[in-house]
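Scroll down for the structure; my scribbles are underneath it.
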Amino acid sequence: MTVNPMRVRMLREGQSLAGPVLYWMSRDQRVQDNWALLFAQELALQHQSPLVVAFCLVRQFLGATRRQYEFMLQGLAEVEQALAAKGISFRLLAGAPPEELPRFIEEHGIAQVVTDFDPLRIRREWKAAVAGRIAIPLYEVDAHNIVPCWQASPKLEWGAYTLRPKMRRALPDFLEAFPSVRDHPFAWSHHAPTDWERAARFPAVDEQIAAVDWLRPGEQAAQRMLRRFVEDKLAGYPDKRNDPNQDGQSDLSPYLHFGQIAAQRVALEVEESGAPRESREAFLEELIVRRELSDNLCFYNPDYDRVTGFPQWARTTLDAHRRDPRPYLYSRDELEAAQTHDDLWNAAQLEMVRRGKMHGYLRMYWAKKILEWTESPEQAQEIAIYLNDRYELDGRDPNGYTGVAWSIGGVHDRAWGTRPVFGKIRYMSYNGSKGKFDVRAYVRKHAAPVQG
DNA sequence: ATCGGCTCGCGCAA
DNA sequence: TGCGCGAAGCCGAT
């Protein structure tokens, strides 16, 4: 047995007849270091069956833009190639999983289905719908987290401090080396190459938001980025990570979001590096505890992207300050166009619009200012999520929803001194940034007008 | 530059 | 029932 059974849940029982095993790939779009693929191969080898990987390409998924489709599709093309080298077939299905998967399963006499874990509502609705329309076993493997989400904690956590000891206890059981995908000896008779040019014409919601060119998509590029981080940046991480002018972050979040790299691979490489213990610990805290805390929020709190999901003390205090006059009021369009009085905020917004990635420290300041400058917490949260999901390469991720909920709704935070609009929600100021890094240099770098 | 108070509630010790 | 302490801060005093 290569895959720890604790990583696997059965979503639907069923008779397992003879036939191909299907891995319905969704959140974890890679071949290496993927527990869901490894588990699917294990089942296929046991039954001496072919193994097929299918991905459902959903039209206009949660407002996804050309930028994000491009990054994902190029990664998937690489997945198809790497699978082919192992004798495993790949199939791109155009349409929503509840319709496409049962049809595919029926048509090809699939015997068992494996899919990867995802705490987001829509993914769980898809799985429930698929489970209701098939008669074969459906397994779910948490291939994204190191400690499977439901093993890390059985309940909604209040903060990193309540999850951390649980993670510490569980990590030794799960932070293990990955086995390799084996050459698969049973070929699928319906193998056919994907028409990626046709797939690239698949409509995104917004074709105007262009792909970025400063980082390449795919597993290989992700591995290179990881190596660069561990060799060049990890040692200086504690000092530089909160300075947006320094290139001190890992820049791995787009790859982690699309599952083009496994957090577990990142953790293993960081642990084995020669970087100071302090640097390794600071980075692993973010990579492991905070990431898994985001999944915990989305998995156990169905209102992870709504004000009703904020803790009670935060809802009470935000309600008490609902009618406070706002120092500035901006519409969604003004914010999107980076037309506020605050040059730091505008620069952060423009960094996100142009590069598809805002510096981690500024994401907090950025979201808190949206609370301060819009009519209500509800509107602030909606706008922050809209902009984040539209421009960030790592949009539509539990980390994004959790970050917004932390900034605007005190999720995983505590109460602080009362202020207008914010109430007891932690405040962040322009002057605070000035004390931490060279704000003028950052503004000069990102607020420059577009060339040409 | 550094320090303490701000303020809430979980989780554990007692 | 009491107590320690937390996802990245702010502000004013020193």
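Protein chains get the first letters and strands the later ones, always in sequence-line order, with residue 1 at the start of each.
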Task: Flag side-chain contact, heavy atom, 4.5 Å: A:Thr317 against A:Thr418 - done: no

Open item on the list: For a quick check of understanding: with a heavy-atom distance under 4.0 Å over all strands, which category does A:Trp158 fall into, base, sugar-phosphate or nothing?
Closed with: sugar-phosphate

Task: Atom pair distance, as rounded to whole Å: CD in A:Gln312 and P in B:dT7 - done: 19 Å

TODO: Please state the P separation for the pair C:dA7 and B:dT2 - nearest whole angstrom.
DONE: 23 Å

Task: Contact under 4.0 Å: A:Lys424 side-chain N or O vs B:dC6 OP1/OP2 - done: no

TODO: Using a 4.5 Å cut-off on heavy atoms from C-beta on, say whether the side chain of A:Trp126 contacts that of A:Val58.
DONE: yes

Open item on the list: How many whole angstroms separate atom CH2 of A:Trp313 from atom P of B:dC10?
Closed with: 12 Å

- [ ] Starting at CG of A:Leu318, measure out to CD of A:Glu378 and round the result to the nearest 0.5 Å.
- [x] 8.5 Å

Open item on the list: Any salt bridge linking A:Arg440 with A:Asp438? Criterion: basic side-chain nitrogen under 4.0 Å from a carboxylate oxygen.
Closed with: no

TODO: Check DNA chain B against residues 159-170 of chain A and give the residues with a non-hydrogen atom under 4.0 Å, in numerical order.
DONE: A:Tyr161, A:Thr162

Task: Note: A:Arg265-A:Glu269 ion pair, threshold 4.0 Å (strictly below) - done: yes

Task: Stepwise side chain to side chain donor-acceptor pair (under 3.5 Å) check, A:Tyr328 with A:Glu334 - done: CA-CA 12 Å; A:Tyr328 301 90; A:Glu334 288 170 315; over 6 Å; no

Task: C:dG9 and B:dG9, which share atom name P, separated by this distance in whole Å - done: 22 Å

TODO: Tell me whether the guanidinium CZ or amine NZ of A:Arg332 lies under 6.0 angstrom from the six-membered ring centre of A:Tyr386 and within 45° of its axis.
DONE: yes

- [ ] Please say which of A:Tyr23, A:Tyr139, A:Phe178, A:Phe174 ends up in a ring pair (Phe, Tyr, Trp, His ring centres under 6.0 Å) with A:Trp35.
- [x] A:Phe178

Task: A:Val130 vs A:Thr115 side-chain heavy atoms within contact, under 4.5 Å - done: no

Open item on the list: Counting the atoms with a prime plus P, OP1 and OP2 as sugar-phosphate, which does A:Lys155 contact under 4.0 Å by heavy atoms, base, sugar-phosphate, or nothing?
Closed with: sugar-phosphate

TODO: Using the criterion of both pairing distances under 3.5 Å for Watson-Crick and G-U wobble pairs, give all stems of 3 or more consecutive pairs involving DNA chain C.
DONE: B:1-6 with C:9-14, B:8-13 with C:1-6

TODO: Carefully, step by step, assess A:Tyr255 and A:Phe71 under the rule ring pair (Phe, Tyr, Trp, His ring centres under 6.0 Å).
DONE: CA-CA 9 Å; A:Tyr255 301 109; A:Phe71 196 89; 5.6 Å; yes

Open item on the list: Taking any atom closer than 4.0 angstrom to a non-hydrogen atom of chain A, what span of DNA chain C does the protein reach, first nucleotide to last?
Closed with: C:dG6 to C:dC11

- [ ] Give one of base, sugar-phosphate or nothing for A:Arg419, where a contact means two heavy atoms less than 4.0 Å apart.
- [x] sugar-phosphate

Open item on the list: With heavy-atom distances below 4.5 Å as the criterion, would you say the side chains of A:Arg363 and A:Lys357 are in contact?
Closed with: yes

Open item on the list: Roughly how many Å apart are C:dC5 and B:dA14, using the P atom of each and rounding to a whole number?
Closed with: 14 Å

